[in-house]
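Predicted model only: the values in this text are computed from it and were never measured. Letters A, B, ... mirror the listed sequences (proteins, then strands); counts begin at 1.
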Protein chains: 2
Amino acid sequence: MKSYEEKTIATNSIYEGKIISLQVDDVELPDGNHAKRELVKHPGAVALIPITDEGKIIVVKQYRKAIERAIVEIPAGRIEPNEDPKLTAIRELEEETGYGTHDITYLQSFATSPGFADEIIHLYVAKDLYKIEDPAEGDEDEFIERLEVSIEEAEKMVATGEIYDAKTAFAILYVKHQLNM
Amino acid sequence: MKSYEEKTIATNSIYEGKIISLQVDDVELPDGNHAKRELVKHPGAVALIPITDEGKIIVVKQYRKAIERAIVEIPAGRIEPNEDPKLTAIRELEEETGYGTHDITYLQSFATSPGFADEIIHLYVAKDLYKIEDPAEGDEDEFIERLEVSIEEAEKMVATGEIYDAKTAFAILYVKHQLNM
């Protein structure tokens, strides 16, 4: 597989934004030909599955400008510079749900759109939740609604397309079948 | 939830590429404040789970410049302008595996990175495969390796992180638990 590597010949920075940046690389292909690669750089993110003592999953509904609709997702957020992803997960749990956790476990990491972006999501599950009295607020431009759903309800929401987010759909099947909840 | 909508005040096109484009929108938030949204536009894609008569999944290994590594994925590809996603799936199946199908079924659609991109993936499962004598070739800058894995092997590859791609990880859990294979 080593031979399939695409060597970078030149990198052209197009845009440096607040969250993402865009560059176009000239690459040398395995057969010696050249090609262009449009690449979005993203700091990486975490997502977590908060499970209540009643066995429900806490999800959040928020408007996503990119797709021009509100969707249901597990809590998630970008990793701040030099932040340990586990601390990102704990921070996002507090900001998006108002809960803390005594039991957080790393599950997996994934590339979400490897064809054009380097975003990696690190997935956690959080149990043994406790209400935080005066929780930290999230980004000031974030408006979210919290919902608690049973695994069965969540599975139905995946089947009907009401859950329309890849990480959330994976997380629900994972909780149901790998964690056997 | 209607009130959470973010109204577009202005759209600033930053880059129009071959595959993606980038724009920065000024939006009005539900509380009347303004914010900027960095948005990647993508034509959308399909992914499909090809299942052989022996019950194995055909996956492809390919180098992904965005994450600078080769990863294992189910066959996938971009929707061409005005192309029916089902035809995209059949085309990608031929190009990436050399197979045709007599039995292709739509499963679900997802947003892959709704925080910054509008990419939607439409997921299909293809069974009753047949070898195509002289299959169409894929993009000339695409170098891929085909593998056939059992569902059990694929599940292990998800658990170990060898399958590092969100759509593929979801697809494998889906095949195992929703299609009961």
- Pick from B:Ile20, B:Ile67, B:Val40: which one has the most heavy-atom pairs with chain A under 4.5 Å? B:Ile20

Among the listed options [options], the residue most often paired with chain B at heavy-atom distances under 4.5 Å:
{"options": "A:Leu123, A:Val158, A:Asn33", "answer": "A:Val158"}
{"options": "A:Ile172, A:Ile163, A:Thr160, A:Asp31", "answer": "A:Asp31"}
{"options": "A:Arg69, A:Arg64, A:Lys167", "answer": "A:Arg64"}
{"options": "A:Gly161, A:Ala66, A:Ala76, A:Ala171", "answer": "A:Ala66"}

Which answer fits [X], side chain, backbone, both or neither, if we ask what part of it has an atom under 4.5 Å from a heavy atom of chain B?
{"X": "A:Ala169", "value": "both"}
{"X": "A:Thr168", "value": "neither"}
{"X": "A:His42", "value": "side chain"}
{"X": "A:Gln23", "value": "neither"}
{"X": "A:Asp165", "value": "both"}

Taking a hydrophobic cluster as the set of Ile, Leu, Val, Met, Phe, Trp and Tyr residues connected by side-chain heavy atoms closer than 4.5 Å, whether directly or through intermediates, do [X] and [Y] fall within one such cluster?
{"X": "A:Leu93", "Y": "A:Ile58", "value": "yes"}
{"X": "A:Val60", "Y": "A:Leu48", "value": "no"}
{"X": "B:Phe170", "Y": "A:Ile49", "value": "yes"}
{"X": "A:Ile132", "Y": "A:Ile90", "value": "no"}
{"X": "B:Val175", "Y": "B:Tyr124", "value": "no"}

- Message: Is it the case that over 12 heavy atoms from other parts of the model lie below 6.0 angstrom from the CZ atom of B:Arg78?
- Response: no

- Query: Counting heavy atoms not belonging to B:Glu137, are there more than 12 under 6.0 Å from its CD?
  - Reply: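 Count not over threshold, so no.
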
- Contacts with chain A made by residues 106-122 of chain B (heavy-atom distance under 4.5 Å), listed by residue number: B:Gln108, B:Ser109, B:Phe110, B:Ala111, B:Thr112, B:Ser113, B:Pro114, B:Gly115, B:Phe116, B:Ala117, B:Asp118, B:Glu119, B:Ile120

Which atom names give the shortest non-hydrogen contact between [X] and [Y], and what distance separates them?
{"X": "B:Leu39", "Y": "A:Lys65", "value": "CD1-CG, 3.9 Å"}
{"X": "A:Glu145", "Y": "B:Tyr4", "value": "N-CE2, 4.0 Å"}
{"X": "A:Tyr63", "Y": "B:Glu6", "value": "CE2-N, 3.3 Å"}

- Evaluate side chain to side chain contact (heavy atoms under 4.5 Å, CB included) for B:Glu68 paired with A:Glu5, printing each intermediate quantity in order. CA-CA 8 Å; B:Glu68 301 275 3; A:Glu5 200 173 316; 5.7 Å; no

- Task: Could you please spell out the steps behind the side chain to side chain contact (heavy atoms under 4.5 Å, CB included) verdict for A:Lys176 and B:Leu173?
- Result: CA-CA 10 Å; A:Lys176 172 82 184 279; B:Leu173 292 189; over 6 Å; no

Side-chain atoms of residues 11-19 of chain B: list all donor-acceptor pairs with protein atoms under 3.5 Å, sequence neighbours left out, distances to 0.1 Å.
from    : atom 1 : to      : atom 2 : distance (Å)
B:Thr11 : OG1    : B:Asp25 : OD1    : 3.2
B:Asn12 : ND2    : B:Val24 : O      : 2.9

